[in-house]
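What follows is a short report on a single structure.
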Protein chains: 2
Amino acid sequence: MDPHLLRTFVAVLDHRSFSAAASALGYTQSAVSQHIAALEADLGTRLVERRPVAPTPAGARLMEHAPALLLRLDVARADIARLHHTHPTRLTLACSPAALGPAIAQALACLRSTAHPLDLEVRMLGREAVIEDVLTGRADLGLVDGVAAPSDPLPLPDLGPTTTLAAAEETLAVLFPHNHPLALRRSVRLTDLTQAQWIDAPDTAIPLDRLRAVCRIDGFPPRIRHRGTDLHGLAALATAGHGLAALPLPLAATLGGAAIPVKEPRLVHRIELVHPANPTGPARQLADLITGAAVVQ
Amino acid sequence: MDPHLLRTFVAVLDHRSFSAAASALGYTQSAVSQHIAALEADLGTRLVERRPVAPTPAGARLMEHAPALLLRLDVARADIARLHHTHPTRLTLACSPAALGPAIAQALACLRSTAHPLDLEVRMLGREAVIEDVLTGRADLGLVDGVAAPSDPLPLPDLGPTTTLAAAEETLAVLFPHNHPLALRRSVRLTDLTQAQWIDAPDTAIPLDRLRAVCRIDGFPPRIRHRGTDLHGLAALATAGHGLAALPLPLAATLGGAAIPVKEPRLVHRIELVHPANPTGPARQLADLITGAAVVQ
DNA sequence: AAAAGTTACGGCATACGTAACCATG
DNA sequence: CATGGTTACGTATGCCGTAACTTTT
């Protein structure tokens with residue numbers, strides 16, 4: 001199970017073609033064929049069906065492991081590389097959309113106004129991608145958001161050793177269209193909305209399956225799916241009545257719909273700062289500034 | 001970062017010697033030396049200090065990744081191997097000590113009394129080792145115990161795709177020596193015991209750091225450490241006054257000390273059945289029987 | 001017949017063992 | 001000087017590309 005073989009294995013299944021995988025990896029088709037043959041020989045099973053290219057049951061099983069394995073390899077390499085050379089000029093912050101609300105934006109403004117002329121780059125990504133970027137060194141720091149019981153940590157996938165710090169806890173809200181019957185309420189219960197129309201926007205708002213998990217209730221049927229990290233598009237859909245979305249109150253209040261706080265169950269929208277085990281130089285500085293400005297009630 | 005190189009790297013640091021690692025792996029010292037040199041060349045850093053053999057900072061960092069990586073490789077391989085050949089005769093159950101209380105023992109007795117003449121092997125291990133064994137196919141099923149808020153799942157390390165099912169929820173108790181001032185109480189609060197004398201028995205009782213996490217309080221100072229999976233030894237220490245230990249009430253009641261239920265915070269001792277994604281044949285049967293007999297209040 | 005995967009084979013790189021060579025206690 | 005890690009070198013294995021072969025649509 002040489003990582004090279006695993007890498008071409010996932011490339012083959014991603015491209016659903018040996019030759020496409022070959023050119024993507026800079027190999028020859030023949031080499032790819034040999035790689036797959038070697039893997040199959042090693043594991044004693046056929047892994048991919050050819051013509052058309054598709055995973056066998058065993059191949060599908062391997063696909064549940066291989067990407068994570070390759071990622072962890074990159075993580076380990078990046079972790080070691082970070083010990084030595086650091087990029088003191090550009091500072092990259094990976095950020096999930098709902099994490100970059102007024103509170104964090106203000107903290108960044110504070111940071112900007114200090115003497116340091118930092119070249120700051122912000123990358124908006126889905127939650128897992130934020131963690132991936134931090135672990136593989138593509139970002140120096142990450143901000144992820146999610147929902148949890150008050151002062152509970154967010155359940156983040158453990159792809160490697162990271163440090164997470166609470167950056168902010170905010171009231172959770174549901175974004176309603178103005179003409180919704182509940183839009184004039186002072187607060188709502190999530191358990192009253194399990195059969196409402198919901199937008200499934202897993203990378204932008206709170207994912208519906210997370211709502212189910214945290215409420216321990218089935219429901220929250222997705223009426224429309226929203227992919228990507230565009231909060232404004234999501235807000236447009238929500239206010240036009242396509243469905244509801246759960247968001248932090250301070251942020252939702254800026255989006256033009258009716259942002260109604262969630263009263264029950266007792267939940268908070270949480271923002272956590274994710275950084276590698278050894279943040280050095282400006283990354284550490286920025287971490288200190290953000291957590292210094294943290295608004296954890 | 002060839003897995004072979006990583007494997008010899010951890011062997012070298014485990015044995016604190018190139019030659020010992022070599023003979024353990026069936027290599028020559030020279031090969032081990034070349035492996036380490038290759039790894040260091042690949043990562044561009046010195047990883048181990050020689051004479052005496054010790055990790056450099058970068059090596060220590062790599063040691064945080066390498067064992068997990070190698071384990072995941074084994075897990076992936078085992079996962080695929082499981083698809084094909086199954087051991088229908090012998091059934092192996094990995095079990096953390098406090099999981100094998102009266103309830104589970106009875107469930108196993110039920111199973112035994114059925115028509116199937118199963119050759120059952122039970123392996124007592126620490127919690128992480130149970131999961132390792134299940135994932136790498138050394139065990140067909142695992143039973144892990146832990147403490148959590150009622151109907152919350154246990155926080156298990158995600159080393160790979162597993163299915164976990166609640167097998168039982170039991171009252172949590174603290175095991176006191178009979179002459180302890182609190183030994184006659186009907187119930188105790190954990191928060192009143194944060195400064196008591198505790199036994200740190202992470203593989204046998206509830207680990208003290210887990211108590212801290214779940215109570216969100218510092219404290220529970222370890223007075224004595226107890227390693228291994230021997231419940232009777234732990235009970236002997238506890239009843240002799242060496243310190244307190246948190247255990248499930250039904251099990252603690254059989255151990256000879258004073259088992260006092262924990263009233264606050266509201267916690268339960270939970271037993272979860274861990275099995276690979278595709279339990280087949282007798283493993284699935286046993287899983288059904290155990291969860292069929294499950295006592296989840 | 002064309003597109004796409006496999007097999008055969010040759011050159012180059014790599015891996016491991018033997019043995020000679022340092023370095024440290 | 002002895003224990004233990006390194007370097008040099010030869011052989012064996014393995015990897016990848018070219019090219020001929022096979023299979024499927």
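Each chain gets a letter, A, B and so on, in the order its sequence line appears, and its residues count up from 1.
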Could you write out each protein N or O paired with an N or O of nucleotides 17-23 of chain D at a distance under 3.5 Å?
from	atom 1	to	atom 2	distance (Å)
D:dG17	OP2	A:Thr28	N	3.2
D:dG17	O6	A:Gln34	NE2	3.4
D:dT18	O4	A:Ser30	OG	3.1
D:dT23	O2	A:Arg51	NH1	3.4
D:dT23	O2	A:Arg51	NH2	3.0

Short N-O contact, [X] and [Y], less than 4.0 angstrom:
| X | Y | answer |
| --- | --- | --- |
| B:Arg127 | B:Asp145 | yes |
| B:Asp2 | B:Arg7 | no |
| A:Asp209 | A:Arg212 | no |

Return the value, rounded to whole Å, for the distance between atom [atom1] of [X] and atom [atom2] of [N].
| X | N | atom1 | atom2 | answer |
| --- | --- | --- | --- | --- |
| A:Ile36 | D:dC16 | CD1 | C1' | 15 Å |
| A:Leu39 | D:dC15 | CG | P | 11 Å |
| B:Glu49 | D:dG5 | CD | P | 13 Å |

Practice item. Would you tell me if any nitrogen or oxygen in the side chain of A:His4 comes within less than 4.0 Å of OP1 or OP2 on D:dC16? Key: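 Answer no for this pair, as no side-chain N or O of A:His4 is under 4.0 Å from OP1 or OP2.
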Practice item. Can you sort out the partners of B:Phe9 under ring pair (Phe, Tyr, Trp, His ring centres under 6.0 Å), two or more places apart, ordered by chain and number? Key: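 Residues passing ring pair (Phe, Tyr, Trp, His ring centres under 6.0 Å) with B:Phe9: none at all.
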Check your understanding: Quick one: ring pair (Phe, Tyr, Trp, His ring centres under 6.0 Å) partners of B:Phe220, sequence neighbours excluded?
Key ->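 For B:Phe220 the ring pair (Phe, Tyr, Trp, His ring centres under 6.0 Å) partners, ignoring immediate neighbours, are B:Trp198.
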Point to revise | Heavy-atom pair of closest approach, residues A:Ala201 and A:Leu234 | key: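 Smallest interatomic distance, heavy atoms only, reads CB-CD1, 3.7 Å.
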Point to revise | Degree of bending in the helix from C:dA1-D:dT25 to C:dG25-D:dC1 once both end axes are built from five pairs, to 10° | key: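 Computed angle between terminal axes is 30°.
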I'd like to know if the side chain of [X] and the backbone of [Y] have a donor-acceptor N/O pair within less than 3.5 Å.
| X | Y | answer |
| --- | --- | --- |
| B:Thr28 | B:Ala31 | no |
| B:Thr164 | B:Val274 | no |
| B:Ser17 | B:Ser19 | yes |
| B:Glu40 | B:Val48 | yes |

Review point. If you pin B:Arg16 and A:Ala38 to their nearest nucleotides in DNA chain D, which one's is more 5'?
Key: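 Closer to the 5' end of DNA chain D: B:Arg16.
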Review point. Contact boundaries of DNA chain C with chain A (under 4.0 Å, heavy atoms), 5' to 3'?
Key: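 Contacts span C:dA3 to C:dA8, reading 5' to 3'.
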Exercise for review: Go through the structure and list residues passing salt bridge (Lys or Arg N to Asp or Glu O under 4.0 Å) with B:Arg138, not counting sequence neighbours.
Suggested key: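 Residues passing salt bridge (Lys or Arg N to Asp or Glu O under 4.0 Å) with B:Arg138: B:Glu132, B:Asp133.
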